Amino acid sequence: MVCGRASLVRASRRSYPSFSRTIRCAPMASLLAMALQDHTAVSEHAANQPSTPDDTQAPTAESLRELEVARRAKLDRLRELGVEPFGQRIDGLATLADARAAFSEPVHLAHEEAAKAAKEGGAPAPADSRPRATVAGRVVQHRDLGKLVFVWLRDSTGDLQVSISKAGVDATTFEIAKALDYGDVVAASGHVGRTNRGEVCVWADGLTMQSKSLEPPPSKWHGLTDPEIRYRRRYVDMFATPQTIKTFQARSRIVSAIRRFMESRGFLEVETPMMHPIAGGAAARPFLTHHNTLDMQLFMRVAPELYLKRLLVGGMPKVFEINRNFRNEGVDRSHNPEFTSMEVYEAFGDYGTMMELTESLLHELAVQAGAEQWGGGATAGGPTLAFGDLSINWGKPFVRVRFEDLFLRALGFPMRDEARVRASAKAAHIDGADKKDHWLLVEALFEEKAEPLIDPARPTFVMDYPSAVSPLTRPSRAQPEIAERWDLFVAGMEIGPAYTELNDPDIQLAKFTEQLSGADDEIDTFRSLDEDFLTALRVGMPPAGGLGLGIDRIVMLLTNSSTIRDVILFPLLRRQ
RNA sequence: GAUCGCGUAGCUCAGCUGGUAGAGCAAGCGGCUUUUAACCGCUAGGUCCUGGGUUCGAGCCCCAGCGCGAUCACCA
């Protein structure tokens, strides 16, 4: 079933849930790009030279310059004050969440009362008993009330207000505070208290510029809504859209939890080549690259399968690999040209052991998502998680349905009824309905009529595909026309397949050869027989179960992300 | 690759039947010691994605291109 992984990136087109958060288009990417390209020119002009009628620039660049000039003027002013606007190491920083957690209402009240009593009694102000914190973050709000300035900082743990009063800091520090811009990175120290309105804040007695931001920021309230800028300039998206960092924190924790789960089951994580002399393991179109010194054409891997199976031959009984695959194919909400998958092989297992493993793993992940351990968009409440307008119930056991049974339910006649299959295919206007092989029509009808019956809100294993459409999978011993293969569907997406692996080298060779002869011209140009893999099989591979899971799609499901681009830090975009 | 939609100020968005380009926030100046999308006054900011065309006149209509999005195709 060497080629089975190809289907890993296939999504059913029917039951994809809709998401309420629609993102509208707005432009400005080009202006932002100009801002970047114009950077040097701007700094030279802005710093010293009055603009002359001669320095004609596109009006957009002029207007952009205004915003940047204002920021550079502040930069210069900081240096005049003897302040270095690009800071240095700070020890003992608290996260904004930790600083917020340090707040204590009783301590704060006691301090206020003591201060008030001292003032009324004419005594000197008592020592401030509230906890101290030093924090740092990016400025996301700035309110200047004259002799009092409120600033909201943001870091990866959240937002926190810093309050600076003219009476509480020296003159230079207060000038810095008044001149802060949205986007600046600052550090502040002080006692953690709250304002009259109940907002927890650091009452700063120190405030330093750590990085003066020179770029015009996105809207402080609306943030970035243009998906193009969100993906192209992810570093802006990450502070403008707090959910972005939460989603990627969740992704990291999910992948980490998958590793822990696999290790707890005794699997060994391995790393196999991502540059392959022979494109194998899936039938997808590969990317080509080249090694100069060896003058060798290489393929970016489309699947690690053939290497992982060599490890079974070599004597590693339980292995997994979490890493990238590269497929030179279309791009949509559930496909990115490079994507992360986990492949698993277990000697002396089969597709049944892979089913139990997958079900336990995903259930465990969903339970933890329900407990909000991912910190992402997941909803509380256990193994039922929101995904768009769906509530996906991850409770065990997942639905299991045999291909043959679902076919019968959907079409009303058995898949072996050749006459009715052909008639039905013609009625459904399936391509080549009068010429194609019976089993190809069965497969087409299944996709057309049966897959839509799968409940998108319940993870569903479709198992026991016809051998004729699973040429590289091991047939069932009891029923050779049935292949020991399943595909897991959730929310209309295919999450991954599993197989009872073929380990008879002669059958494997025959199937490879058959498949190569059937390949079309385009595919044929990158395909060749992996002789060494066949040699490995002749050395002897134990019977095994094999599994592939699309990690990006699992993260989408667990973080309620409508597109794969929201769970990939830097998704591929067309060159501007 | 195909079809449809979108592209207007730094950001978020209005813009009538084709008739001189608008708001909020951001920015600059001034005011304000407890703000919560702070508020008040003033100022500045535009190649309406690009290139053609129609028209007396185009942000708006037509054609082509670019980018993004959606749907489809590809993904044995």
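In what follows, chains carry the letters A, B, and so on, assigned in the order in which the sequence lines appear, proteins first and then strands, with residues in each chain numbered from 1. Every heavy atom of this structure was used, including side-chain atoms; hydrogens, water molecules and symmetry mates were not. Please read these numbers as outputs of a predicted model, since none were measured by experiment.
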Point to revise | Complementary nucleotide for B/rA44 - Watson-Crick or wobble, under 3.5 Å | key: none
Check your understanding: If you check the A/Lys220 side chain, which of B/rU36, B/rG67, B/rA26 turns out closest?
Key -> B/rA26
Exercise for review: Look at the side chain of A/Lys147 and decide which nucleotide, out of B/rU34, B/rU33, B/rA37, has an atom nearest to it.
Suggested key: B/rU33
Check your understanding: Any cation-pi pair here, A/Arg138 with A/Phe239, using under 6.0 Å and within 45°?
Key -> yes
Practice item. Figure out the NE2/C1' separation between A/His222 and B/rG24, and round it to whole Å. Key: 8 Å
Review point. Using atom C1' of each nucleotide, how far apart are B/rC56 and B/rU50 to the nearest Å?
Key: 26 Å
Check your understanding: Could you give the CG-to-P distance, from A/Asp205 to B/rU33, as a whole number of Å?
Key -> 21 Å
Exercise for review: Give the nucleotide from the list B/rU34, B/rC68, B/rG10 with an atom nearest to the side chain of A/Pro216.
Suggested key: B/rG10
Review point. Judged by modelled atom types alone, do A/Asn336 and A/Arg565 share a side-chain donor-acceptor pair under 3.5 Å?
Key: no
Review point. Looking for any heavy atom pair under 4.0 Å, which part of the strands does A/Gln141 touch: base, sugar-phosphate only, or nothing?
Key: sugar-phosphate
Practice item. May I ask you to test the A/Arg130-A/Val192 pair for a side-chain heavy-atom distance under 4.5 Å? Key: no
Check your understanding: So which nucleotide from B/rG69, B/rG10, B/rG67 ends up closest to the side chain of A/Leu67?
Key -> B/rG10
Review point. Given that both distances must come in under 3.5 Å, which nucleotide forms a Watson-Crick or G-U wobble pair with B/rG5?
Key: B/rC68
Check your understanding: So, is A/Thr195 close to the B/rU33 phosphate, meaning a side-chain N or O under 4.0 Å from OP1 or OP2?
Key -> no
Point to revise | For atom CH2 of A/Trp221 and atom C1' of B/rA27, their distance in whole Å | key: 21 Å
Check your understanding: What is the distance from CD of A/Glu66 to P of B/rG46, rounded to the nearest Å?
Key -> 7 Å
**Study point:** Rounded distance (Å) that lies between atom P of B/rG24 and atom OH of A/Tyr182
**Key:** 19 Å
**Study point:** Given B/rU36, B/rC11, B/rG67, the nucleotide with the shortest approach to the side chain of A/Trp152
**Key:** B/rU36
Exercise for review: Sticking with atom P, work out how far B/rA64 lies from B/rU3, rounded to a whole angstrom.
Suggested key: 10 Å
Review point. Which of the following nucleotides, B/rU36, B/rU12, B/rG69, is nearest to the side chain of A/Thr225?
Key: B/rU12
Practice item. Check A/Glu112, A/Glu199, A/Glu105 against A/Arg194 for a salt bridge (Lys or Arg N to Asp or Glu O under 4.0 Å) and give me the one that passes. Key: A/Glu105
Check your understanding: For B/rU33, does OP1 or OP2 lie under 4.0 Å from any side-chain N or O of A/Ser165?
Key -> no
**Study point:** Identified pairing partner of B/rG24, criterion: Watson-Crick or G-U wobble below 3.5 Å
**Key:** B/rC11
Practice item. Report the distance from atom CG of A/Asn336 to atom P of B/rC75, rounded to the nearest whole Å. Key: 19 Å
Check your understanding: If you check every side-chain atom of A/Leu573, which of B/rU34, B/rU33, B/rC68 has the closest atom?
Key -> B/rC68
Check your understanding: Going by heavy atoms in the side chains, are A/Phe299 and A/Leu288 under 4.5 Å from each other?
Key -> yes
Check your understanding: Among B/rC11, B/rA27, B/rC74, which is the nearest nucleotide to the side chain of A/Arg285?
Key -> B/rC74
Review point. With rounding to whole Å, what would you report as the distance between B/rU12 and B/rU20 at their P atoms?
Key: 27 Å
Check your understanding: Does B/rC16 pair with anything, Watson-Crick or G-U wobble, both distances under 3.5 Å, and if so, with which nucleotide?
Key -> none
Exercise for review: Describe the nucleic acid contact of A/Phe150 in one word from base, sugar-phosphate, nothing, applying a heavy-atom distance below 4.0 Å.
Suggested key: base
Point to revise | Between B/rG18 and B/rA58 - C1' atom distance, rounded Å | key: 6 Å
Practice item. Round to a whole Å and report the spacing from NZ of A/Lys178 to P of B/rC29. Key: 11 Å
Review point. Side chains of A/Val200 and A/Gln161: does their closest heavy-atom pair fall under 4.5 Å?
Key: no
Practice item. Starting from the 5' end of RNA chain B, give me the residue, A/Arg565 or A/Glu112, whose nearest nucleotide shows up first. Key: A/Glu112
Practice item. Report which part of the nucleic acid A/Asn328 touches: base, sugar-phosphate, or nothing (heavy-atom distance under 4.0 Å, all strands). Key: nothing
Review point. Out of B/rG28, B/rC11, B/rC74, which has the shortest distance to the side chain of A/Pro218?
Key: B/rC11
Review point. Rounding to the closest angstrom, what is the interatomic distance between B/rG45 and B/rC11 at atom C1'?
Key: 13 Å
Check your understanding: When the C1' atoms of B/rU43 and B/rG57 are considered, how many whole Å apart are they?
Key -> 32 Å
Review point. Closer to the 5' end of RNA chain B via nearest nucleotide, is it A/Gly198 or A/Gly223?
Key: A/Gly223
Point to revise | Quiz item: A/Ser163 side-chain donor-acceptor pair to B/rU33 base, under 3.5 Å | key: no
Exercise for review: Please examine the side chains of A/Asp566 and A/Gln243, heavy atoms only from C-beta on, and report whether any two atoms are closer than 4.5 Å.
Suggested key: no
Review point. Mind checking who B/rG57 pairs with, Watson-Crick or G-U wobble, both distances under 3.5 Å?
Key: none
Check your understanding: Where the side chain of A/Trp203 meets the backbone of A/Ile164, is there a donor-acceptor pair that is under 3.5 Å apart?
Key -> no
**Study point:** Span that lies between the C1' atom of B/rA9 and that of B/rG28, in whole angstrom
**Key:** 15 Å
**Study point:** Spacing between A/Asp144 atom CG and B/rC39 atom P, to the nearest angstrom
**Key:** 13 Å
**Study point:** Between B/rA14 and B/rG53 - C1' atom distance, rounded Å
**Key:** 28 Å
Review point. How is A/Ala240 classified with respect to the nucleic acid when contacts are heavy atoms under 4.0 Å: base, sugar-phosphate, or nothing?
Key: nothing
Review point. When we call it a touch if two heavy atoms are under 4.0 Å apart, what does A/Lys74 touch: a base, just sugar-phosphate, or nothing?
Key: sugar-phosphate
**Study point:** Distance below 4.0 Å between A/Arg232 side-chain N/O and B/rC68 OP1 or OP2
**Key:** yes
Review point. Heavy-atom count around A/Lys178 NZ within 6.0 Å, excluding the residue itself: above 12?
Key: yes
Practice item. Select one nucleotide: of B/rG28, B/rU33, B/rU36, the one nearest the side-chain heavy atoms of A/Asp181. Key: B/rG28
